[in-house]
Asks: 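Sharing a structure, written as structure tokens. Questions coming.
All residue numbers in this chain count up from 1 along the given sequence. Since the structure is predicted, the reported quantities are computational estimates derived from the model, not experimental observations. Reckoned from all heavy atoms, side chains included, excluding hydrogens, waters and symmetry mates.
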Amino acid sequence: MKKTKDLGMDAEGIKKTMRKSDYLADMCGQFGLGMVGNLVGQLTYFYTDKVGLAVGMIGIVMAISKIIDAVTDIWFGNIIEHSKGGNKKYFRWMISLAFPIAITIVMLFTVPVSAGQGPALAYVLITNLLLSAVCATLIGTPFAAVQVVRTRSQEERGTMGILRAVGSYGSGMFAVIATIPITNALGGNQNAWIKYGFMIALIVLLSLLICWNNGHKAEFVNNEVSAKDQEEEKIPLKETMHLLFTNKYWVIVLLFNLITSVTNAISGQSAAYYTKWIFGNDNLTALLGGLGFGATIIGFIISKPLIQKFGTTNTIKAGLLGAAISAGLRCIAPSNIVWFCIFSMTGSLIQIPMMCLYGVILAMAVDYNEWKYGRNLVSVSSGAIGFGNKVGSGIGTVVLSVFMVIGSYDATLSAATESMKMSIYGFTNYAPLVINLLMYFIFRGFDIEKKLPQIQKDLQKRREASTN
């Protein structure tokens, strides 16, 4: 612990392990993965309006991709859980797949449209699976687990969560603000999106390399334990899943990730459609993104004091309820750009503190696993949460596609029909209203926060007893 002796203890007397450089490198990793996720969020618009693929078929293909992707999260999580290498295993996958994921990003946009709809759709499925189900999953699953095994301090986990949210939202704001204007400036066609893909691939590669360079040399919280003792006892996947699904807190975290991923997927894909067909200019996505960026900055500034004052659970409840209310208010005057911007900004601002806590509530559920079962199941817990994210994202794409099919969406028209407008209002405003209200009532059962200090004390006693 030579490098961490001077870092001291947190307010609860738990040893700190994180330096500023560690936080920043960790945020870079999240930014790179966020760029991948937000890029995928722009693909539906690219496939339907730029290369002319059928909207219904794209919805089906993207949903299939996400379902397969979700299954691989659990499978790879179990593999990583039982792989050798101690703490080093959490960053080994990042360096191995940093270059392949960059290449795959560019491949997303080289759709062979001239070969016909069938081959083009098959290509879309294969490239999306390579990107998300293989590369992003093998990087993202162990990276998610790092927030749990890097430190036992809830204070440091909370700070990591906030900075990871900064990275994630920063990548999201970049995608919203830059994608449409840059691709339109480059010509607005498929070649323009391929050039944009090269740019994103380089950004992702650099971000992941920065994260890996710090992470593979990092001091972990259990670095005083031998590499052999750091390995989890091998448990059959079936038994592992049984343990997870009997932990109600982990189930709520799973649902939280799944349901919020539905709304995030819809939000990420809806902006281009809304500005193009409701406001008449898809370049206005940059305006919405810029306003959202301002709200996001304010949200991050107030996140830490709000979380410290109201606690994790209450912050998340407020975020869910606030998101539902802001979506409901957008329904009042959906074609008024000023009204839409005000309540879109409000929704973004309210949700930021909540989004900082994904990793924190997962860490709580993992600590409960260790307290109740004697096994923390870090990687497979993270992988199964990734399952929720991927399924939620797939459901979000399906919801958007269903609304568009019902509304008889036609990308070749010069102006939207009334049915097209109603479908866009539906997936942008009404769906998030219902979904966030549903999650608010589910999350009311997450009552572990008050129990956590005693759980942490019990676990510390066990660890000390096991080393004596």
Side-chain angles (χ1 to χ4, degrees), residues 1 4-5 7-18 22 26 77-78 80-82 86-87 89-90 141-142 144-161 218-235 239-254 256 307-308 311-313 316 357-385 445-468:
M1 299 292 289
T4 58
K5 282 183 179 178
L7 296 179
M9 306 286 185
D10 69 5
E12 296 178 352
I14 297 175
K15 186 182 292 292
K16 292 184 178 181
T17 64
M18 297 288 292
D22 298 323
D26 188 78
N78 193 56
I80 293 165
E81 194 80 69
H82 301 137
N87 293 324
K89 66 187 178 186
Y90 295 105
T141 299
V146 166
Q147 191 169 354
V148 180
V149 299
R150 183 70 173 80
T151 175
R152 294 193 185 109
S153 166
Q154 286 298 106
E155 179 185 323
E156 289 190 316
R157 286 174 176 177
T159 303
M160 288 177 74
E219 299 266 352
F220 277 64
V221 69
N222 59 337
N223 65 345
E224 73 275 8
V225 180
S226 69
K228 180 179 179 181
D229 290 336
Q230 288 170 15
E231 315 297 350
E232 283 278 338
E233 178 187 349
K234 291 189 177 182
I235 312 170
E239 182 182 345
T240 298
M241 298 312 299
H242 172 74
L243 294 178
L244 291 178
F245 276 99
T246 54
N247 176 355
K248 80 166 187 175
Y249 303 113
W250 181 85
V251 173
I252 292 174
V253 175
L254 172 67
F256 177 73
I307 293 168
Q308 289 176 338
T312 297
T313 305
I316 291 177
L357 296 169
Y358 279 105
V360 175
I361 59 174
L362 172 61
M364 290 180 180
V366 168
D367 285 343
Y368 187 78
N369 281 337
E370 185 177 358
W371 179 78
K372 186 175 182 180
Y373 307 119
R375 303 179 178 96
N376 55 28
L377 308 173
V378 179
S379 294
V380 73
S381 293
S382 303
I385 292 302
F446 195 85
D447 58 357
I448 191 177
E449 189 170 9
K450 293 180 179 179
K451 305 174 185 177
L452 196 62
Q454 186 59 49
I455 289 174
Q456 290 276 22
K457 289 178 182 178
D458 292 345
L459 290 174
Q460 186 61 30
K461 289 179 182 177
R462 291 184 197 173
R463 292 171 188 135
E464 289 173 355
S466 66
T467 57
N468 292 334

Asks: According to side-chain contact (heavy atoms from CB on, under 4.5 Å), who are the partners of K372, at least two apart in sequence or on a separate chain?
Replies: Y368
Asks: With sequence neighbours left out, what residues match K248 under salt bridge (charged side-chain N to carboxylate O under 4.0 Å, His left out)?
Replies: D447
Asks: Report yes or no: does R462 contribute a side-chain atom to a donor-acceptor pair with the main-chain N or O of W371 at less than 3.5 Å?
Replies: yes
Asks: Is the side chain of E449 donor-acceptor paired with the backbone N or O of G311 at a distance under 3.5 Å, no angle test?
Replies: no
Asks: Should the heavy atoms of other residues, nucleotides or ligands under 6.0 Å from NZ of K451 be counted, would the total exceed 12?
Replies: yes
Asks: Which atoms form the tightest heavy-atom contact between A365 and Y249, and what is the distance?
Replies: CB-C, 4.2 Å
Asks: Counting C-beta onward and ignoring hydrogens, is there a side-chain heavy-atom pair between I455 and I448 closer than 4.5 Å?
Replies: yes
Asks: Would the F256 and F446 ring centres measure less than 6.0 Å apart?
Replies: no
Asks: Would you compute the distance between atom CZ of R157 and atom CG of L362 and round it to the nearest 0.5 angstrom?
Replies: 9.0 Å
Asks: Please list, chain by chain and in numerical order, all residues satisfying side-chain contact (heavy atoms from CB on, under 4.5 Å) with Q460, sequence neighbours excluded.
Replies: R463, E464
Asks: Using the ring pair (Phe, Tyr, Trp, His ring centres under 6.0 Å) criterion, which residues pair with F245? Sequence neighbours excluded.
Replies: W250
Asks: Which residues satisfy the side-chain hydrogen bond (donor to acceptor under 3.5 Å, both in side chains) test with N247, sequence neighbours excluded?
Replies: N369
Asks: Sub-3.5 Å donor-acceptor pair from the side chain of R150 to the main-chain atoms of T17, do we have one?
Replies: yes
Asks: Salt bridge (charged side-chain N to carboxylate O under 4.0 Å, His left out) with E155: which residues, sequence neighbours excluded?
Replies: K16
Asks: Sequence neighbours left out, what passes side-chain contact (heavy atoms from CB on, under 4.5 Å) with T159? Give chain and number order.
Replies: Y23, L163, K304
Asks: Just verifying a value: how many Å separate I252 CD1 and T313 OG1, rounded to the nearest 0.5 Å?
Replies: 9.5 Å
Asks: Only counting residues at least two apart or in another chain, list the ones meeting side-chain hydrogen bond (donor to acceptor under 3.5 Å, both in side chains) with T312.
Replies: none
Asks: Can you find a pair of side-chain heavy atoms, one from D367 and one from M364, that are under 4.5 Å apart?
Replies: no
Asks: State which residues pass salt bridge (charged side-chain N to carboxylate O under 4.0 Å, His left out) with D458; sequence neighbours excluded, sorted by chain then number.
Replies: none
Asks: Can you find a pair of side-chain heavy atoms, one from T151 and one from M160, that are under 4.5 Å apart?
Replies: yes
